[in-house]
Structures are given as structure tokens and as C-alpha cells.
Number of protein chains: 2
Amino acid sequence: MPALRGVVIEVTTSFDRMWADLEPVGRDPRTGGYRRYAWTRTDHDLREWFAAECLARGLDLVEDRAGNQWGWWGDPDTTPGVVIGSHLDSVPDGGAFDGPLGVVTAFATVDALRAGGVEPDVPLGVVNFVDEEGARFGIACAGSRIITGALEADRARSLTDADGVSMAQAWERAGRDPVTLGRDDEAVRRVGRFVELHVEQGKALALAPDGGEDLADPARAVAIGTDIWPHGRWRIDIPGEANHAGTTRIPDRRDAMIGLATVIQSARSYAVALGSVATVGKVDVIPGGVNAIPSHVTAWLDARGRTEHVVHATVDAVSSEASRLGATTTSESWTPTTTFDADLVGTLRAVLPDAPLLGTGAGHDAGILATHGVPSAMLFVRNPTGVSHSPAELARVDDCHHGVTALTAVVTELCTGKDPESMSDVR
Amino acid sequence: MPALRGVVIEVTTSFDRMWADLEPVGRDPRTGGYRRYAWTRTDHDLREWFAAECLARGLDLVEDRAGNQWGWWGDPDTTPGVVIGSHLDSVPDGGAFDGPLGVVTAFATVDALRAGGVEPDVPLGVVNFVDEEGARFGIACAGSRIITGALEADRARSLTDADGVSMAQAWERAGRDPVTLGRDDEAVRRVGRFVELHVEQGKALALAPDGGEDLADPARAVAIGTDIWPHGRWRIDIPGEANHAGTTRIPDRRDAMIGLATVIQSARSYAVALGSVATVGKVDVIPGGVNAIPSHVTAWLDARGRTEHVVHATVDAVSSEASRLGATTTSESWTPTTTFDADLVGTLRAVLPDAPLLGTGAGHDAGILATHGVPSAMLFVRNPTGVSHSPAELARVDDCHHGVTALTAVVTELCTGKDPESMSDVR
């Protein structure tokens, strides 16, 4: 069927063209990593790109009260729609795939449906969630948390970045009125079901059942997400007393940096002991002079695990050690175990019967929506390095195309109830 | 002698007026500490203030090839002069006294000499050394190191601040030509003798010989500096591998932050074991995201001690522990023991027979000049808190005035050979 063969080429060309468009945006030439932070000029470039892709496809572009962008095919105010997509922001020096892969495959899926002549019976939306990584203001999934009410508007507005700029100020600088920021029931109500495609953040798909590496098996190119581990962030403030590094005797010191060493080591040792993961990835040292004894150190602790019990036990143990140094531990975010919607996962399994099932230690907007009444699920695309949040993060082009195929099959089923097998030549 | 009583009031008024002028410049309202970094707008304000004080006294303002400012009374190109003064920059969130006390007492000393009718037989200079703390570009005493050749011009120009701005670029932004930056033999040759007055950076003067606190004894208001401990700064680069904090198993991690904990703790334990002092006051974490395993941590180690042997032994031990983690240690600066000029110290002891003698763990421009052929010495003014490099750093007003008195007596002796006792009513 030569005509349909042409369609396949067109769809993969569409994916590759979009991917090439995004590749240079926000990439740091020194590290090769991405620095795409919310409400910066780089983010504006990404948002303009998203808007242009919607325009090119005749999708209606709508922004909600958190600034998340939605491109709608059909009217979700009459019937809640099926939404696909992810986010475009990154962690500091992040990889190219975490977020953008979900958005680009979503647009390519729209192209595949149209090339295959599929007309959805329910509205179909493509979403770009703002500030998913929380790299700038410290709260992950800020865009989905704000519209669902999980993050209160006043708290969101007052969050500050490393330069002391609040989210409200960042909005003003971006020409937005921060008064409009807040919970948006209407935006959430429009989402009937949400499927977020994401690069895998580990090596499960790259390892064959026998433990050896297998990057060729197409049946292991895409997995279905079943749940998200409970996870949270805690801020540990360690007190000290500023003094001169040369003239202050050791017994007279109250050096906050010594407390930091204790926090780092106890986080590691309790994680090992309890079978969780715990990470100190960000610290702030005051005053931060080479010859000044630190008067204050703030350390951020990220902790996750298979059960809520092991996460709390880990954090309680670290917090207890820290409190002996006079440090205080404050919860900045907490997400309990998220089990994705059983019916939706069931549909995905029916459409993609060969796809492995995966739980994940990473938080996602799909998890936030899932806990706020929106049936949600995820697809994961194989990552040969298993590395995430780093320039070494990877999904091979073939596997990205497999992701488009899988997402197209899922959306066809969800939007039309048609057997996606009838679409097989468009895959 | 009512006329001379009037002189005393005028001189202390001059000190107090200058002190009040400087008090708000570069002070951070949140911390109460000072952020006076080289070649910033705040530094420019301080330099303009210095120039205006020279102008008001008819001192000839000269800048050398490092940008240090000199106000001359008399012509130092005919006869090398006596120089007093210090610096105006600060560490991050530093105190008000470290540096400015030496500059303000120097100008007040000029006023006292003139009020007392003293006409120097040799030129008298007041100096403001640029970038003494090295807070911006990482090298302490940069101004005196550049003119003496201790810091090579090419290296100085290529030093960068936290934003990646080089010293050369900072000069250009300040309207200076960085090509002119460099060693300045002529500027150094003009300095016949240098006496730097400084706030004490410990509590030795505030503690009476019996160990109790005594802030009232005028004989302990000012000390004579005898030597500077050997000291240096080392940069320790700790490697890791960026990865996701939630999805990477503990055994798969190479977390640079774990190495930082080892460096911090070994610096402390070897300092205690060897009787030195060692401090990690500044760290840089890459990428620095809450949910990203650090791929690189840089820690700066400041180490000092009574002998060069104990300092080297401390750094070697820390470096050896760090190298087991794959970390590399690089020397950024090193200053051997500096013994101040015996003749000059002898003169100070003759003029101020009651003043205690003090060694110090802190580096100073006087130490740099001393090791480059300029007879140098220091005076220290009592610090009731003993705290330094912090807003808690203190010298009481009475003790500052005692500092002016002591410096006036010293300069009178050095510039005229007159018995300063004849000046006693001006003290």
C-alpha cells in the first residue's frame, strides 16, 4: 500500500523536524545540557514554538490560570477530551527528552491520525505543562498543582528563585498578571483522560528479562506506567555562626558546613538501610566566602521509595540526626503513592499487549492529575543509558517513532473506539 | 589648653563623620552585612568617597596599575613615604570594620597631624587597596599582589567571578583598560614603610591576662602585629555522574555530594589532630537541582596554622582522602609565614610601649608588601565580640578613637622623628 507507506514517512518526518527545531533551544554549549526554566526567555521561546505548532494544525490554543498551554482539536467544553502531551522545561543541565518527547510525540500523533484519516469522536488535546521540574521555584509539577489546587495560588506567587525573584514577579516580567494565577476547575474538567508519554528514567526496558542489554526488541520499546512511587522534598536549615576562617579557633566555631556533611551522610546511610533513595542535590551556603565560616547552610533532601512507610522512615531518621545539630526540617512537597487509573491502564494493555508494565520513582503531571480525579496513565520510551536529568539521557530515534506509533494506537482507541489494528499501516 | 581640647573634638568628629558616610554603602538590608565586591557599583561608590576625602585634604590622588588608590601628602617620587590605610571591600555579608577602619583612621590621622601643626619631613600616603578579600575573583590581596608581581597580570585578568565575568571584563565594564593592569614597581618603590591598622579578628585584646573580659583597659585598645600565619586556599574538584534522584538505584550512583561530606569532615578532623585551622566555606554544586544527583562538586579549602609544616600536613591529608574519591586538589594561593619588619615593629613598640604584641591567622596587604621588600607592620584595634567577616564584627567608638591616637603617634615618629609625647594633647 504505497500511499500509506508515504504517510508513515510523513509522520516520522514531522517528528524529526519538530525534534530538530527544539534541539538548540536552551542548550548550554559548555555542558551540552538544557537549562529551560519556567518564565525565562528560553521558556518563552518554547511556548512560542508550542503555539506555532498548534496554529499549524488548526488546534485551538487555550491557556489556563497556571499558564499551561492546551491545543484542542474539538471543543472540550461540550465533552471532556483525551489529552496527550507533557512539558518543555528542564532541570539544570537536563537532557533533551524528559518532557519534550511527550509533547513532540503528541503533535506527531495528531499528524498520524490525520494522515490516517481518523476523525476523533471526542475532543483531543495536546498539553504543555509549565514548570514541571520546579527547577526555578523549587516545586515540581507547579503547573498541574496550581490548576488542581494542590498548590495554593498565594503560596505559588510567593515562591522565589535563586535570585530572590518571586513567581509573581516572574509573571509580571513575562507580561502576565499574577492575580489571575490560581486553581482552574474549568481547565481540569476539560480533561476526560490523560496519557503522558515520557522517556524512561531507568534501564528496565533496555535490559532483557535475562539481565543482558537488548535495544533491538521492538516489544520493549514502550512500557505502560502503572504507578508513581511516593516522593517528597524537604528543606533542612542548618545554623552556624559567621566568623573568620583564619582567626577563629576550632573550639570557638559553629560551622554550619559540618552539619551539612552529617546530613549528606545520614541521607545516604538511611536510604541504604531502609531500601529507599535519598539525595541532597542542592545546597545554599551563607555567606559563601572562601575565608568565611558558614553561618547558615540550607540543604534540600529528595526522598522516594516503594512505600510511603520507607520514605517517611528515611526522612524522619535524617531529620532526627539534623535536629541534634540544631537544624530544622521543613516539608516542601509530598506526593503519596499514585496508582494510575485501572480502566485506562486496562485499555492501554489491550491496545499494547506486548508492552511491559513499569512503576517509576519520578513524579509527573500525570500523577498530579491522577490524584485530582482525572483518569490518567503513562507510556515510557526505552532509554539505553538509563540516565535521566543529564545530557546523557537518551531515546533512540527508532524508539521515539515507536512511541508515536504506540500513542497513535492508544489515542485512536480512546477517541474513536476503533480497533487500532485497522490503523496498523499508519504505525 | 582649650584650643587643643577643641582639636581633639574636631579629630574625633572627623572620624565619626567619615564612619557615618560609609555605614550605608553596600550594606544588605536583609542580613545587615556588607557586600562590597571589587569593581562593582558599590566599589565605585567607595572609590569615589576615597577620592573625595583625598581632594578635601589636598592629597594628590594617584592610582597604580592594579587600581589601588593612593592619596599623597608630599612627593613620594623624591623620597619614599610612610603609608597608612587598608582596604574598603568586604567578604560576602562582612562587617563594617575589616578594611574601612584602617582607611578612616588614616584620614583621621592626617587631620590630627594637621590639627596638631605637624608637618611631615617625609611624604605621607593614605592607601585604599583594591579587592583585598578576593570575594569576587577568589584571590585575596589581589591589589597588592598585582603591583608586587605576586599575581601575574595574565592570571589576574583571566580570573572569573561566580557569573563567569573575568577581571579583564570587569575592568572594561568599569571603563578601564585591562591591558594596563600589571606589576607596578614605581608604585611599590614609593612606599618607604607601611603601617596597616585593622580591627582585631579574635578576642585576645578583649580578654585580660587572667582570662576575663576587659573592654575598659585603654592599654589593651590597640595591639602591634608581629607576624602573619602561613595560609593558603585550595580548590578540590569532586567528580560524579548526573542522574535522576528518584529513578537511580543507590548502587548505580556516583554522587559527588557524598565526596563533599568526606572533604568537609576530613578538613575538620585533620585540623583538630594537627592543631591547624581548616575551613570549607564555599561550594559549587553542578547541576544543583533538588531532584538531580550532582555530577560535580567543587569545594574550596582554606587552611592556616602557626607553622608552614602543620598547614601543609593538613592539606596533604585532606587531599589524600579526596583523591581516593577521584577528586583533584589544586593550590589557588599560598602565603608563607610573614614576619613583620623588625626595625619598624621596634619603633612601634617604642611609641606604644603598653600595646600587646599579636600574631594573626588572617592575610593582609601589609603581609604582601612585607614579603616584597617593603618594611611593613600592623596595628590591631580591640574587637569585643572577637567575630570577624560577619555583621557581628565590632570595634567600639572609643577604641576606634584610640586607634587614631595610636596611628597618629606612630606616624608622627615615622614622619618627623619627633617624640610623640609632645603631641599628647592632640591624642
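To find a chain, count down the sequence lines: A is the first, B the second, and so on, and within it residues start at 1. Reckoned from all heavy atoms, side chains included, excluding hydrogens, waters and symmetry mates.
The residue among A:Val285, A:Ile293, A:Ile258 with the most heavy atom pairs within less than 4.5 Å of chain B is A:Ile258. Counting heavy-atom pairs under 4.5 Å between each of A:Ala261, A:Gly386, A:Gly33 and chain B puts A:Ala261 at the top. Among the candidates B:Gly361, B:Gly134, B:Gly246, the residue making the largest number of heavy-atom pairs closer than 4.5 Å to chain A is B:Gly246.
Heavy atoms of B:Ala362 lying under 4.5 Å from chain A belong to its backbone as well as its side chain. Of the atoms belonging to B:Ala162, not a single heavy atom falls under 4.5 Å from chain A. Both the backbone and the side chain of B:Ala245 come within contact range of chain A, judged by heavy atoms closer than 4.5 Å. For a residue to count as touching a neighbouring chain, one of its non-hydrogen atoms must lie under 4.5 Å from one of that chain's; by this rule B:Arg253 touches chain A with the side chain only. Contacts of B:Glu133 with chain A are made by both backbone and side-chain atoms, with heavy-atom separations under 4.5 Å. Contact of A:Ala140 with chain B is not made at all, since no heavy-atom distance falls under 4.5 Å. With a threshold of 4.5 angstrom between heavy atoms, B:Val277 approaches chain A through its backbone and through its side chain.
Between the NE2 atom of A:His296 and the OG1 atom of B:Thr31 there is a distance of 13.0 Å, given to the nearest 0.5 Å. A:Met257 contributes atom CE, which lies 5.0 Å from atom CD1 of B:Ile264 (distance to the nearest 0.5 angstrom). In this structure, the separation between OG1 on A:Thr247 and CH2 on B:Trp229 is 8.5 Å, given to the nearest 0.5 Å. For the atom pair NZ (B:Lys203) and CG (A:Asp252), the distance works out to 8.5 Å, reported to the nearest 0.5 Å. Atom NE2 of B:His244 and atom CZ of A:Arg304 lie 5.0 Å apart (nearest 0.5 Å). For the atom pair A:Ile250 CD1 and B:Ser276 OG, the distance stands at 7.0 Å (nearest 0.5 Å).
With a 4.5 Å cut-off on side-chain heavy atoms, A:Asn291 and B:His389 count as touching. Using a 4.5 Å heavy-atom threshold, the side chains of B:Ser388 and A:Asn243 count as touching. At least one side-chain heavy atom of A:Asp255 sits less than 4.5 Å from a side-chain heavy atom of B:Arg268.
Residue B:Pro92 comes nearest to A:Pro287 through the heavy atom pair O-CB, 3.1 Å, listed as atom of the first residue, atom of the second, then distance. Shortest non-hydrogen contact noted between A:Gly281 and B:Pro294 is CA-CG, 3.9 Å.
Atom CZ of A:Arg35 is surrounded by more than 12 heavy atoms from other residues, nucleotides or ligands within 6.0 Å.
Between A:Val290 and the options B:Lys282, B:Glu332, B:Arg235, a side chain to side chain contact (heavy atoms under 4.5 Å, CB included) holds for only B:Lys282.
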